[in-house]
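Dropping the structure in here first, questions after.
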Amino acid sequence: MQSILKLLKNDGRLDARRLAVILGTTEDDVAAKIKQLEKDHIIIGYTALIDWEKTSEEMVTALIEVQVTPQRGEGFEGIAERIYQFDEVESLYLMSGGYDFAVTIVGKSMKDVAQFVATKLSTVDGVRGTATHFILKKYKESGVLFDVQELKQEPSYQL
Amino acid sequence: MNYDNIISRVARDIPPSGIRKFFDILSDMDDAISLGVGEPDYQTPWHIRETGIWSLTKGFTKYTSNSGLMELRREICRYQRRRFGLDYDWEHETLVTVGGSEAIDLTIRTLCNPGDEVIIHEPSFVCYKPIAQLAGAVPVVIDTKAENNFRITADELRAAITPRTKLLVLSYPNNPTGAIMERADLEALAEVLRGTDICVVSDEIYAELTYNGKTHVSIASVDGMRERTVVVGGFSKAYSMTGWRMGYALAPAEIISQMTKIHQYAIMCAPTTSQYAGIEALREGDIDIERMRDDYEGRRRVIISGFRELGLECFEAEGAFYCFPCIKSTGLSSEEFAERLLLSEKVAAVPGGAFGKSGEGFLRCCYAASMQDIEEALERIGRFLKTL
């Protein structure tokens, strides 16, 4: 049995009417469930996957490893809050292993990103060090392949 | 040379598969949508492909034993036990073949003497009749009916049996109708077969693909049937491995040993790379089956309800990845319908008549296509219906 969540994860544009057909249920049922999922913040948003490389938009993405000293009483949460509120921060994860936070930053240029790291990120209270890795090429995101050139098998038709 | 005199009569008299021309038209078209193919639209899962590659890097490129790799046969038997409750001995009752098709060919050639009758239900996959004819056997057709959900009934089977009946071909979940046989249906057939010497070849290539919460039941699991049944299984549909050509037969040792002889002389063994990939599929691929099956289930609901909304009768196909809408209300033959649909709206589907005379008036639509293609195809078919 497929769930509404898995179906929406693959295609966020599926509306209640089409979901109802796929799941063999009613449109009202699906609409009510989606409403509840949104209310419970299980579905936190809908977005499109875009290959910005193909647009005229100037954009660089960097993955930054951040080491921090957890703060008394609030652990990592307070620092996380201070970091994720920057508009430049696309994602923020608390990690196990050699560093604490993985931050992805989107900027117009490498200089832009470097500037952000130097002046905004490194200066957050509790941040002990950063290591910035620029993303050179994206192959796959959220389970979807970017436009990679593939050799296709010659078609054949069998009964 | 006069080839008419050279080609064997039996080869010459076998009709070519009837739908080639559709696909020739299709391949010249831009933005055509095909609901015509009979294979999954997925790639073989990467871990399975990767295992095939690994076996090549290790240099596993020699023949395997005629019956297939031991490890593969063990995994086949474990899989059949956990999934369908069938109990076969990997050493004496299991044969790895080049696709399910070879297993069907071997079964018919192993069991049939010239003149023996082979009961085949139609509409069904197109290989059974020619294979029986090549073995010198005589096909006897049961036309299954839409009102019986394209299942064989005990009465139909009883009426088809003669003193010369050797074999019943059972092909469920069914290509092209999507019909399945449930335990009660199989019990009824078993009632007719028990106490006879009639054998069954059960083509279960679509066994993993059943819907509406129903699971496949093999006739071999019904009382008194195992001793007379050859179960044919394979990797093509379950794991999207059509091009690897991997199938197998499970049957009593007395039958398997004879089939192995023919296989040994005609084929040697199934491709070694594919056999290694097959081991991986059986060990780690249950999750792939569920994922694909769940996807098909959603597409199945969309296409069946889509046809019904367009006003075409469409029976509740509960297996494989085909639906079989009835187009009799349009007054066109299935071939005319399919051809005009392809030329005017660029949607390819297979006329039901290609699967036997009882398939006439229906259209086989494969929903192993993307959801976008299915929805677009339904829209185009709707437009086409309005022009009739």
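So that the names make sense, note that chain A is the first sequence line, chain B the second, and so on, each numbered from 1.
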- Message: For S305(B) versus V21(A), what's the shortest heavy-atom pair and its separation?
- Response: OG-CG1, 3.1 Å
- Could you list the residues that satisfy side chain to side chain donor-acceptor pair (under 3.5 Å) with T104(A), not counting sequence neighbours? S91(A)
- Message: Is it true that, when you exclude M110(A) itself, more than 12 heavy atoms of the residues, nucleotides or ligands shown sit nearer than 6.0 Å to its CE?
- Response: no
- Message: Within a 6.0 Å radius of atom CD on E77(A), are there more than 12 heavy atoms belonging to other residues, nucleotides or ligands?
- Response: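 At most 12 heavy atoms, drawn from other residues, nucleotides or ligands, come within 6.0 Å of this atom.
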- Message: Counting only non-hydrogen atoms closer than 4.5 Å, does E375(B) touch chain A with its backbone (N, CA, C, O), its side chain (CB onward), both, or neither?
- Response: side chain
- Message: Please classify the contact of L26(B) with chain A as side chain, backbone, both or neither, using a heavy-atom distance under 4.5 Å.
- Response: side chain
- Minimum-distance pair of heavy atoms, taken over all atoms of M371(B) and I22(A): CE-CD1, 3.2 Å
- Message: Can you confirm whether I287(B) is buried at CD1, in the sense that more than 12 heavy atoms of other residues, nucleotides or ligands lie under 6.0 Å from that atom?
- Response: no
- Between the CZ atom in R301(B) and the CZ atom in R18(A), the distance rounded to the nearest 0.5 Å is 16.0 Å
- Message: Are more than 12 heavy atoms, taken from residues, nucleotides or ligands other than K214(B), located less than 6.0 Å from that residue's NZ atom?
- Response: yes
